[in-house]
Amino acid sequence: MSWSLSCEFFFYLCLPFALPFVRRARPWLLWAVVVAVPLVILALWPGQALVPEEHRWWFTQVFPLVRSVEFWMGVAAAELMRRGRWRGPRLPLATVLFGLTWVAAAGWIRAELWAALLSAAYLLVITAAADADVRGLRSPWRSRPLVWLGEVSFAFYLVHVLVITTVLRLTGDWGVGLPGWWGPVAVLGFLLVNLGLAALLHRYVETPMMRLLGPRRAGRADSARRAVAAGAAGARRDATPGAPGVPGPRPGTTSTDDRPVYADTR
C-alpha cells in the first residue's frame, strides 16, 4: 500500500514544475505523449532484463519514475481537453471498450500486456466521463451512490489491507485461504466493514482536514463550476449558426468558431 502513496507523492511533487511546460506544449506533442505511453509500458517488460532479478518487480511496479509514465499520459490528455483538442469516443462507446478490454485481458491476453492496454482503456473512459460532465450529457458516474463511492475510495484503499491481513492473521487463515463458502462470505464481510471504516475516516478525518487546509476550496470550486457552465453555454451557442451575434461558417469550413469548447477553470 505504501508503494502507491510514494508514487502519488512523487507525482504531486513533479506536477507544479512540469505544468508551465505542459501549458505551453503544442497539441501534437501532447498527442505524442498520449500515444507513446502505452508503447513505453510495453517496452519496459523486455527492458527489465537489464535490472537485477531481485529488483525487477520493484522496477516495473513500484519505482515512481517508471510508474509516472501513466500519470503523464493523463496530464497530456487533460491539457488537450482543457484546450478543446481532445478527440475520443463518447461515454457509452468508451465504457463498452473498457469492459471488452478487461474481459479480453482476463481471458486471452498475456499479463505482460495488461498495463499498456488497461492504461489506454482507463484513459478513454475517464476522458469520456469528463467530457460528458463538461457538456452536461447523461453520465451514470454522476449518480449519488457512485459519487459517494468515489469520495470514500481513498480511505477505503488506506484501510482495506490492514483490515484483511489483521483478521486473517487472528483467525490463522493468512496465506492459506478460507474453505468452501467461507471465501465469498469473507469477501462480502470485508467489503462492508471496509466501506464502513472508509466512510468514518472520510467523514471525520478527510473532510475536516480538507476544510482546514483549503479554506478557499469552496470558492475555487464555485468559480470553476461557473466557468464550466459558461463554456458549455458558449459551445451550444457556437454550434448554432445564425444565432444572434454568431456568424455562419466561413467559406470552406464547417465550424463557426475556432475557440475551444472547454472553459479554462484555472
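One is the number of the first residue; the rest follow in order along the sequence.
- In this structure a side-chain-to-backbone donor-acceptor pair under 3.5 Å is present from N194 to F190.
- One distance of note links CG of L15 with CZ of F17; it measures 10.5 Å at 0.5 Å rounding.
- Contact of the W141 side chain with the L91 side chain is registered, since non-hydrogen atoms from C-beta on lie closer than 4.5 Å.
- Hydrophobic clustering (ILVMFWY, side-chain heavy atoms < 4.5 Å, transitive): L44 and V62 are in one cluster.
- Both L80 and V22 sit in one connected hydrophobic cluster of ILVMFWY residues. Membership requires side-chain heavy atoms under 4.5 Å apart, directly or through other members.
- Cluster annotation: F154 and V205 are assigned to the same hydrophobic cluster (Ile/Leu/Val/Met/Phe/Trp/Tyr, side-chain heavy-atom contacts under 4.5 Å, transitive).
- Screening L195, V193, V187 against L191 for a side chain to side chain contact (heavy atoms under 4.5 Å, CB included) leaves a single residue, L195.
- You'll find the side chain of L124 stays beyond 4.5 Å of the side chain of F98, heavy atoms only.
- How far OH of Y157 is from CG of L5: 5.5 Å, rounded to the nearest 0.5 Å.
- Side-chain contact between I41 and S119 is present, with heavy atoms from C-beta onward closer than 4.5 Å.
- In this structure a side-chain-to-backbone donor-acceptor pair under 3.5 Å is missing from R90 to A128.
- Follow the hydrophobic side-chain contacts under 4.5 Å out from F11 and you reach W72 in the same cluster.
- Between A76 and V34, the shortest heavy-atom contact is CB-CG2, 3.9 Å.
- Distance alone, capped at 3.5 Å, is enough to place a donor-acceptor pair between the T171 side chain and the L168 backbone.
- A single hydrophobic cluster is not seen to contain both L118 and V75; linkage of ILVMFWY side chains at heavy-atom distances under 4.5 Å, directly or through other members, places them apart.
- Panel note: side chain Q48, backbone W45; a donor-acceptor pair is recorded below 3.5 Å.
- For the atom pair L158 CG and L197 CG, the distance stands at 11.5 Å (nearest 0.5 Å).
- The two atoms that bring V51 and R56 nearest to each other are O-NE, 3.0 Å, heavy atoms only.
- Atom CH2 of W102 is surrounded by 12 or fewer heavy atoms from other residues, nucleotides or ligands within 6.0 Å.
- The cationic atom of R67 (NZ for Lys, CZ for Arg) does not lie both less than 6.0 Å from the six-membered ring centre of F71 and within 45° of the ring axis.
- The number of heavy atoms from other shown groups lying within 6.0 Å of CD (E54) is above 12.
- Across all their heavy atoms, L13 and P16 have their closest contact at O-CD, 3.5 Å.
- Taking the six-membered ring wherever Trp is involved, the centroid distance between the rings of W86 and W31 falls below 6.0 Å.
- When all heavy atoms are compared, the tightest approach of R83 to P27 is NH1-CD, 3.7 Å.
- With values rounded to the nearest 0.5 angstrom, M81 atom CE is found 11.0 Å from I126 atom CD1.
- To the nearest 0.5 Å, atom CG of residue L188 and atom CG of residue L192 are 4.5 Å apart.
- You'll find the side chain of W108 reaches within 4.5 Å of the side chain of V103, heavy atoms only.
- Between P64 and C7 the shortest heavy-atom distance is CA-SG, 3.8 Å.
- For the atom pair CZ (F63) and CZ (F10), the distance works out to 7.5 Å, reported to the nearest 0.5 Å.
- Residue W57 places its CH2 atom among more than 12 non-hydrogen atoms of other residues, nucleotides or ligands, all under 6.0 Å distant.
- A salt bridge links E79 and R82; the closest N-O separation between the charged side-chain nitrogens and carboxylate oxygens is under 4.0 Å.
- In this structure, H202 and A155 approach most closely via the heavy-atom pair N-CB, 4.3 Å.
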